[in-house]
Protein chains: 2
Amino acid sequence: MKKSKKRSDCPISCSLDIWGDKWSLIIVRDLMFAKQCTYGDFLKSEEKIATNILASRLYSLEENGIISKSEHPDSKAKVLYRLTQKGIDLLPIMVEINLWADKYYDLPASRKEELKEVKKDKEKYIKLAVKELGN
Amino acid sequence: MKKSKKRSDCPISCSLDIWGDKWSLIIVRDLMFAKQCTYGDFLKSEEKIATNILASRLYSLEENGIISKSEHPDSKAKVLYRLTQKGIDLLPIMVEINLWADKYYDLPASRKEELKEVKKDKEKYIKLAVKELGN
DNA sequence: GCTTTGCACTTGCAATTTGAAAGTGAAATT
DNA sequence: AATTTCACTTTCAAATTGCAAGTGCAAAGC
């Protein structure tokens, strides 16, 4: 459903081949905030991803080892998506994107507040957040 | 040639609206390596961007203040593209992408070598590189 | 047990975007 | 003056996106 043949051996290019589109990192973001999401959770996000696009992105993110599916404790009808370690390791990238956007765009006050914490000690924040996501 | 209406106020989403595609950061990468590029330089890159796509990306990157055009000292027929400060400030993101890819993919030895330097002292590397690009 | 609802997708199709190739026009080179 | 270089544009088929409706299984309600 998405072949993404490698365009080159460049690390930037390789990375973009996997998650370099308008939606993949939105899904990753949701998982970083919520730690685990159902298909329906993703659909509820502000950006309103189309359901077929969501399905194709979840498929390719799983194919590429960024996310994994697991069973929902309450119901067999539900599926839980989580980040793998490889997905969790995207966090430093996400943090830097946040900081860049914070510098150049008007963000909601709530987001700005959260980023204050990040800026205080980036390393520490990332370490803690990665740990939180890990278990 | 690319309207990219904002999908939400989320910093990740805002950022992806601007450079969240398979090519924009490739162009930024080229500019970070070379500091300035002509249209032809971009076309020569390993990934072989199509010329119409290149034109549309250069346009939108300029529209969004990431790059700027300037005159080539040798010829009026040539155009030089450079990163603006806003573009230069994408460097931390690029560094983190490199480090992530380094962790999960086989990169050419030359790239790995460069990244060793980065890992020694990330902050220092970024500060220096940003300064270099700035003048 | 039977129907209805919830959930995770899939399908169909129009509209947009991409990508390959050829073309254009101004500037530099021969 | 003629050719080449350079920065794009144009054309058009193929791929991808996005919307809307549909499917099939699981769980909840009656």
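For clarity, every value in this text was computed on a predicted model and none was experimentally measured.
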Original post:
Can you tell me if the side-chain N/O atoms of B/Tyr81 get under 4.0 Å from OP1 or OP2 in D/dC8?
Top reply: yes
Original post:
A/Lys76 has an atom NZ; how far is it from atom C1' of D/dA27, in whole Å?
Top reply: 12 Å
Original post:
Rounded to the nearest Å, what distance is computed from the NZ atom of residue B/Lys78 to the C1' atom of nucleotide D/dC6?
Top reply: 8 Å
**OP:** Flag the pair B/Lys35 / B/Asn135 as yes when at least one side-chain heavy-atom distance between them is below 4.5 Å, and no otherwise.
**Re:** yes
Original post:
Got a sec? Which of residues 37-47 of chain A come in under 4.0 Å of DNA chain C, heavy atoms?
Top reply: A/Thr38, A/Tyr39, A/Gly40
**OP:** Can you tell me the distance, in whole Å, between the CZ atom of A/Arg7 and the P atom of C/dA20?
**Re:** 12 Å
Original post:
Can you find a pair of side-chain heavy atoms, one from A/Arg7 and one from B/Glu46, that are under 4.5 Å apart?
Top reply: no
Original post:
So what does A/Lys48 touch, heavy atoms closer than 4.0 Å: a base, only the sugar-phosphate, or nothing?
Top reply: nothing
Original post:
Going by heavy atoms in the side chains, are A/Tyr81 and A/Leu61 under 4.5 Å from each other?
Top reply: no
Original post:
For the pair made of CG in A/Asn52 and C1' in C/dA15, what is the distance, rounded to whole Å?
Top reply: 13 Å
**OP:** Give the rounded distance in Å between these two atoms: CD1 of B/Ile26 and C1' of C/dT18.
**Re:** 16 Å
Original post:
CD1 of A/Ile53 versus P of C/dT11: gap in Å, rounded?
Top reply: 15 Å
Subject >> Nearest-Å distance for atom pair NZ/P, residues A/Lys22 and D/dT16 >> reply: 16 Å
Original post:
Where do B/Asp102 and B/Leu107 come nearest, in terms of heavy atoms and distance?
Top reply: CA-CD1, 3.7 Å
Subject >> Nucleotide of C/dC9, D/dG18, C/dA20 approaching B/Ala50 most closely (side-chain heavy atoms) >> reply: C/dA20
Original post:
Quick one: is C/dA28 close enough that its OP1 or OP2 comes under 4.0 Å of any side-chain N or O from B/Ser75?
Top reply: yes
Subject >> Side-chain donor-acceptor pair present, B/Tyr105, A/Ser15, cut-off under 3.5 Å >> reply: no
Original post:
Would you say A/Trp23 reaches D/dT17's phosphate, i.e. side-chain N/O to OP1/OP2 under 4.0 Å?
Top reply: no
**OP:** Could you check how far CG of A/Leu80 sits from P of C/dC9, rounded to whole Å?
**Re:** 11 Å
**OP:** Indicate yes or no: does B/Lys5 engage B/Asp17 in a salt bridge with an N to O separation below 4.0 Å.
**Re:** no
Original post:
Does a salt bridge link A/Lys86 with A/Asp89, judged by any charged N lying under 4.0 Å from a carboxylate O?
Top reply: no
